[in-house]
Amino acid sequence: MHAPYMHLPCMKNHARRFANGLNILIDSKLLVSETGGDCWLGGVFLCRLLEANRGWVEGKRVVELGAGTGFLSMAAHLLGSAECVCTDRGNMLELMRKNFKENRKLLQGQPGTIIRCECDWDAVRERGILPRELAPQMERPGFDLVLASDVIYEDVERADALVAVLCALCTPRTIVLLCQSCRNARLEAHLFEATKRAGFRVTEISQNANCSPDREAIAACDIGIWRLEPPQQPATLQSSSDVM
C-alpha cells in the first residue's frame, strides 16, 4: 500500500506543499461554509492517476469543475495540458488567484496556458448558458478532459446541476474523470443514475490495474474514481456571449 498517499501533506503556515512542487494556500475561514477552502485526498489520488497516465492530459484542453484551491488544475497544467480552465464560484475564485500567484514561477515554466473563471452550475442548469470561457467556439471546439473531485456532498440539487454542466461541456470526444469520497450512498446513487439517464457511460477505474497506481490505498480510504463517456449527440447550450 502506498502509505504516504493516504494522508494530505501536513499544513505549515496555512499551506500544504505537495510532491509535484505545488504549495497550496489554505483558507480556514472558507471551510466554515465552503469545502473548497482546503485540499482533499480524492484530489491527490486523481492527480496521481493523471501522473500515471500522462497521455490523458498532455496536449489536451482540460477543465476542472469545483476546483476550490486550484490544486488539481495546476497539477494538470504541470503535466502538460495545452490549456487548463480552473472553475468554481464566489469566494473560491479569490483563493484560486492567490494560489496561482503563489505558484507563479512553477506554472510559468510550462508551455500551456492556465486560467480561472467562474462557473455557477445552477445558472447553467436554469438558463442553459455556459460561461464564455467554457463554450465551444470555432477556435476552441471543446474540451478533451473534464476533472471533478469531491464536488458533491449532501445536496441532490447540486448533483443534478453537475450533470447539467457535464451535458453542456462534453462533446463526443470528451472524457470526464470524477473522483468521489463515499460519504452518502443515496446521494451517490442519485448522481450516477442521473449521469446514466443523461446518456453517459460510467466505468469505475480506480481499481483498474492497468491505470491506477494506488488501488489499495484508494479502497482503504473509501474513495472511487470513475470515467464518464458522454453520449454521441450532446445537448447544445448557448454561450453567455451569444445572449443579447
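The side-chain hydrogen bond (donor to acceptor under 3.5 Å, both in side chains) search around Arg116 returns none, not counting sequence neighbours. Shown here are the side-chain hydrogen bond (donor to acceptor under 3.5 Å, both in side chains) partners of Asn184, two or more places apart in sequence or in another chain: Glu154. Residues passing the side-chain hydrogen bond (donor to acceptor under 3.5 Å, both in side chains) test with Arg17, sequence neighbours excluded: none. Take Asp120 and apply the side chain to side chain contact (heavy atoms under 4.5 Å, CB included) test, not counting sequence neighbours, and it matches Asp122, Ala123. Under the side-chain hydrogen bond (donor to acceptor under 3.5 Å, both in side chains) criterion, Asp144 pairs with Arg173, not counting sequence neighbours. Every residue two or more places apart in sequence or in another chain that forms a side chain to side chain contact (heavy atoms under 4.5 Å, CB included) with Ala159 is listed here: Ile152, Leu187, His190, Leu191. Checked against side chain to side chain contact (heavy atoms under 4.5 Å, CB included), Asn91 has the following partners two or more places apart in sequence or in another chain: Leu30.
In this structure, the side chain of His77 engages the main chain of Leu107 through a donor-acceptor pair within 3.5 Å. No side-chain donor-acceptor contact under 3.5 Å links Ser73 to the backbone of Gly70. Between the Asn53 side chain and the Cys211 main chain, a donor and an acceptor come within less than 3.5 Å of each other. Remark: the backbone N or O of Leu145 is not paired with any side-chain donor or acceptor of Arg61 at under 3.5 angstrom.
Taking both residues in full, the closest heavy atoms of Ala168 and Val124 are given as CB-CG1, 4.2 Å, listed atom of the first, atom of the second, then distance. The heavy-atom pair separating Asp88 from Gly68 by the smallest distance is OD2-N, 2.8 Å. Thr87 and Cys119 make their closest contact through CB-CB, 3.9 Å (heavy atoms, listed as atom of the first residue, atom of the second, distance). Taking all atoms of both residues into account, the shortest heavy-atom contact from Ala194 to Asp160 is CB-OD1, 4.2 Å. The two residues Leu46 and Ala148 come nearest to each other via the heavy atoms CD2-O, 4.3 Å. Nearest heavy atoms, Asn103 versus Gly21: OD1-O, 4.2 Å.
Within the structure, salt bridge (Lys or Arg N to Asp or Glu O under 4.0 Å) pairs that include any residue of residues 62-80 do not occur (at least two apart or interchain). Legend: salt bridge (Lys or Arg N to Asp or Glu O under 4.0 Å) pairs involving residues 179-190, not counting sequence neighbours, sorted by first then second residue: Asp150-Arg183. Residue pairs meeting the side chain to side chain donor-acceptor pair (under 3.5 Å) criterion with at least one member in residues 196-213, sequence neighbours excluded: Glu204-Ser206.
Leu65 is listed as a side-chain neighbour of Leu166, based on a closest heavy-atom distance under 4.5 Å. In this structure, the side chains of Trp56 and Leu79 stay at 4.5 Å or more apart for every pair of heavy atoms. Within the 4.5 Å cutoff, side-chain heavy atoms of Leu50 are placed close to those of Leu177. Looking at heavy atoms from C-beta onward, Leu41 lies out of side-chain contact with His7 at the 4.5 angstrom threshold. Under the 4.5 Å side-chain criterion, counting only non-hydrogen atoms from C-beta, Trp40 is not in contact with Leu8. Taking the side chain as every heavy atom from C-beta outward, Phe192 and Leu178 approach each other to under 4.5 Å. Taking the side chain as every heavy atom from C-beta outward, Lys60 and Ser81 never approach each other to under 4.5 Å. The shortest side-chain heavy-atom distance between Phe200 and Cys170 falls under the 4.5 Å cut-off.
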Inset, instruction - Go through the steps to decide whether Val57 and Val62 satisfy the test side chain to side chain contact (heavy atoms under 4.5 Å, CB included), and finish with yes or no. - result: CA-CA 7 Å; Val57 67; Val62 180; 3.8 Å; yes
Inset, instruction - Show your working on salt bridge (Lys or Arg N to Asp or Glu O under 4.0 Å) between Arg89 and Glu118 and close with a plain yes or no. - result: CA-CA 5 Å; Arg89 62 180 182 175; Glu118 184 164 16; over 6 Å; no
Inset, instruction - Kindly indicate, with the supporting measurements, whether the criterion side chain to side chain contact (heavy atoms under 4.5 Å, CB included) is fulfilled by Val151 and Trp121. - result: CA-CA 11 Å; Val151 294; Trp121 300 357; 3.7 Å; yes
Legend entry - Leu22 vs Leu106, side chain to side chain contact (heavy atoms under 4.5 Å, CB included): CA-CA, chis, key distance, verdict: CA-CA 8 Å; Leu22 289 169; Leu106 192 60; 3.9 Å; yes
Inset, instruction - Starting from the C-alpha separation in whole Å, work towards a yes-or-no answer on side chain to side chain contact (heavy atoms under 4.5 Å, CB included) for Val163 and Val165. - result: CA-CA 5 Å; Val163 174; Val165 174; over 6 Å; no
List the atom pairs, donor and acceptor, that lie under 3.5 Å between side-chain atoms in residues 217-227 and the rest of the protein, sequence neighbours left out.
none

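Leu134 contributes atom CG, which lies 10.0 Å from atom CZ of Arg132 (distance to the nearest 0.5 angstrom). The distance from atom CE of Met74 to atom CG of Asn23, rounded to the nearest 0.5 Å, is 9.5 Å. Once rounded to the nearest 0.5 Å, the distance linking CG of Asp38 with CD1 of Ile26 reads 4.0 Å. Taken from CD in Glu94 to CG in Asn99, the straight-line distance is 10.5 Å, to the nearest 0.5 Å. Atom CZ in Phe18 sits 12.5 Å away from atom CG in Leu78 (nearest 0.5 Å). The CG atom of Asp155 sits 11.5 Å away from atom CG of Leu162, with the distance rounded to the nearest 0.5 Å.
Clustering of Ile, Leu, Val, Met, Phe, Trp and Tyr side chains at separations under 4.5 Å places Leu93 together with Met96.
Hydrophobic clustering, with ILVMFWY side chains joined whenever heavy atoms are under 4.5 angstrom apart, keeps Leu25 apart from Val44.
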